[in-house]
Student: 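Have a look at the structure that comes next, please.
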There are 2 protein chains.
Amino acid sequence: MASLSIPRLVKTPIETQAATALRASIVAGDIPAGQRITEIEIAGQMGLSRATVRAALHQLAREGLLTLVPYTGWTVMSLSAQDAWELYTLRSAIERLAAQLVAAAINDAGKADRLREAYEQLVSACKRGHAARIAEADFGLHQTIIALAGHRRLTEQYALLEQQIRVYIRSSDALLPNPGMVVAQHKPIVAAILAGDPDKAGALSEQHNLTEGRRLADHLLALERRAADARQETVPSQRSRGATSTRQTRRARA
Amino acid sequence: MASLSIPRLVKTPIETQAATALRASIVAGDIPAGQRITEIEIAGQMGLSRATVRAALHQLAREGLLTLVPYTGWTVMSLSAQDAWELYTLRSAIERLAAQLVAAAINDAGKADRLREAYEQLVSACKRGHAARIAEADFGLHQTIIALAGHRRLTEQYALLEQQIRVYIRSSDALLPNPGMVVAQHKPIVAAILAGDPDKAGALSEQHNLTEGRRLADHLLALERRAADARQETVPSQRSRGATSTRQTRRARA
DNA sequence: TGATTGACGATTGGCGACAATCGGCAATAA
DNA sequence: TTATTGCCGATTGTCGCCAATCGTCAATCA
């Protein structure tokens with residue numbers, strides 16, 4: 001009796017499941033950037049012990065998605081121009097390395113096919129012109145290149161950057177992608193990788209990421225300026241601690 | 001009464017202190033690479049609750065220094081040729097970015113002086129010829145370049161890589177540095193950064209890191225081969241679970 | 001004799017309760 | 001009125017204990 005077609009269950013500790021669910025909520029924007037949350041509140045909503053939730057929150061803090069304000073609460077990452085700069089410069093360095101590694105090993109079994117497949121999905125999404133699909137296919141192509149590098153630490157590091165970038169994009173008035181430009185930007189990178197040219201692949205990848213990253217960061221900076229201008233025209237409001245209201249981020253005294 | 005010269009106390013939760021102490025023990029080799037440890041044992045030694053130690057261990061797992069084998073124990077990171085390759089390729093990408101960023105902003109107040117200072121300390125250590133001092137001054141120069149980039153995520157990522165590299169170096173029969181070569185390798189990098197040439201600084205930095213990283217990885221591979229040869233000549237020993245003995249790494253069934 | 005099952009010791013997983021810390025607000029003093 | 005102090009509610013920090021899981025070994029079966 002070789003196999004009964006019974007699927008293998010993947011057991012995941014509840015701590016890890018809680019971290020996964022919270023991560024998804026943050027990245028999806030259900031818990032907005034800058035939001036204050038507390039262990040008690042989340043534990044209540046999830047039906048778990050506070051200690052379990054606490055472990056999950058610490059996990060997300062390590063990933064940069066949350067910041068702990070000791071004895072006060074936790075805040076979802078908030079984003080500045082400096083954060084944007086850090087994210088896109090680091091992402092560009094990581095993706096350059098991946099493009100080089102994949103180009104150098106593109107003759108390995110199946111790699112070229114997988115890359116072509118991911119690129120075709122991007123082209124397909126751009127033809128349909130649906131913005132969310134384009135964005136996902138764009139991310140998908142990048143992820144494929146990263147995965148094909150066969151470099152666990154690189155993959156893990158990239159995932160951390162990606163989720164922060166997703167929070168970033170979602171919390172801003174994200175720019176709509178131009179489908180024609182998206183394809184045009186990625187085509188030479190894919191071609192260089194498929195041609196097995198690490199230097200060219202790395203350089204093109206880096207250029208693409210720096211250009212797009214700067215553009216998005218500039219856009220956010222403009223948004224921040226507009227928000228700051230608008231804030232100067234409103235009357236400062238009283239702040240008090242409501243019994244059940246959630247809090248915006250606040251400074252720890254440390 | 002402006003100031004009483006009373007130093008500001010920096011309070012650190014005991015969880016964090018435990019993580020810091022354990023990290024230091026692992027990086028220093030007091031807990032060897034590949035070693036199995038348990039929460040009960042560590043909690044007993046540290047005089048803390050197991051839950052507190054557990055939080056610290058999870059922190060270090062996130063940093064890649066420990067691996068959790070569920071319901072069985074924790075193991076200190078062990079190192080393969082793949083790990084070595086991952087570490088040096090990623091380190092090289094990170095340091096290239098830092099060299100570029102510092103070169104582009106080398107005219108900022110104090111940066112050139114700090115870089116020169118770190119380099120002089122390396123030269124000084126090499127003149128004295130004391131291996132541990134050379135290694136520390138070498139790390140110090142790299143750390144200075146990273147810190148001067150003014151990029152928090154980069155600094156944090158580099159710290160994680162660095163500590164893994166330290167475990168790596170300590171667990172192998174580390175190569176002794178040749179003082180003259182160490183200076184010669186770093187001089188052109190520092191010069192390019194001070195000249196404000198990001199492209200040249202990045203390229204030289206990358207080349208240096210890839211060369212040194214490959215050399216160390218090859219060295220470790222040779223060690224692994226020697227160990228594997230030696231292992232084939234010994235009689236496989238019985239394995240049993242002693243009540244108090246610590247365990248070597250074992251495979252999870254997942 | 002080899003394969004299977006069940007029990008048990010050793011471990012981590014998760015819980016709720018007590019302890020420590022922080023910030024806001026009211027009371028008090030100058 | 002402003003500055004200081006003390007109290008309290010709300011939060012995280014830490015603890016010890018029960019629950020769940022895993023691997024090993026002995027007993028049983030074919």
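Since we're looking at a predicted model, the values are computed, not measured. Quick note on labels: first sequence line is chain A, next is B, and so on, each numbered from 1.
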Student: So B/Ile146 and B/Ile94, side-chain contact (heavy atoms from CB on, under 4.5 Å) or not? Walk me through it.
Tutor: CA-CA 9 Å; B/Ile146 297 288; B/Ile94 297 289; 4.2 Å; yes
Student: By nearest nucleotide on DNA chain C, pick out whichever of B/Ile40 and A/Ala51 is the more 5' one.
Tutor: B/Ile40
Student: At less than 3.5 Å, do the side-chain atoms of A/Arg54 and the base atoms of C/dG14 form a donor-acceptor pair?
Tutor: no
Student: Below 30° counts as parallel, above 60° as perpendicular, anything between as tilted: where do the rings of B/Trp74 and B/His58 land?
Tutor: perpendicular
Student: Determine whether the side chains of B/Glu117 and B/Gln121 contain a donor N or O and an acceptor N or O closer than 3.5 Å.
Tutor: yes
Student: Does a side-chain N or O from A/Thr52 land closer than 4.0 Å to OP1 or OP2 of C/dC15, or not?
Tutor: yes
Student: When the distance from OH of B/Tyr71 to P of D/dT21 is rounded to whole Å, what number comes out?
Tutor: 5 Å
Student: I'd like to know if the side chain of A/Gln143 pairs up with that of A/Tyr158 as donor and acceptor (distance under 3.5 Å, no hydrogens or angles considered).
Tutor: no
Student: Given atom CG of B/Leu57 and atom P of C/dT11, what is their separation to the nearest angstrom?
Tutor: 13 Å
Student: Tell me the interatomic distance from B/Trp74, atom CH2, to C/dT12, atom P, rounded to whole angstroms.
Tutor: 8 Å
Student: Report the distance from atom CD of B/Glu39 to atom P of D/dT21, rounded to the nearest whole Å.
Tutor: 16 Å
Student: Report which part of the nucleic acid A/Ile14 touches: base, sugar-phosphate, or nothing (heavy-atom distance under 4.0 Å, all strands).
Tutor: sugar-phosphate
Student: Report the distance from atom CZ of B/Arg50 to atom P of D/dA20, rounded to the nearest whole Å.
Tutor: 15 Å
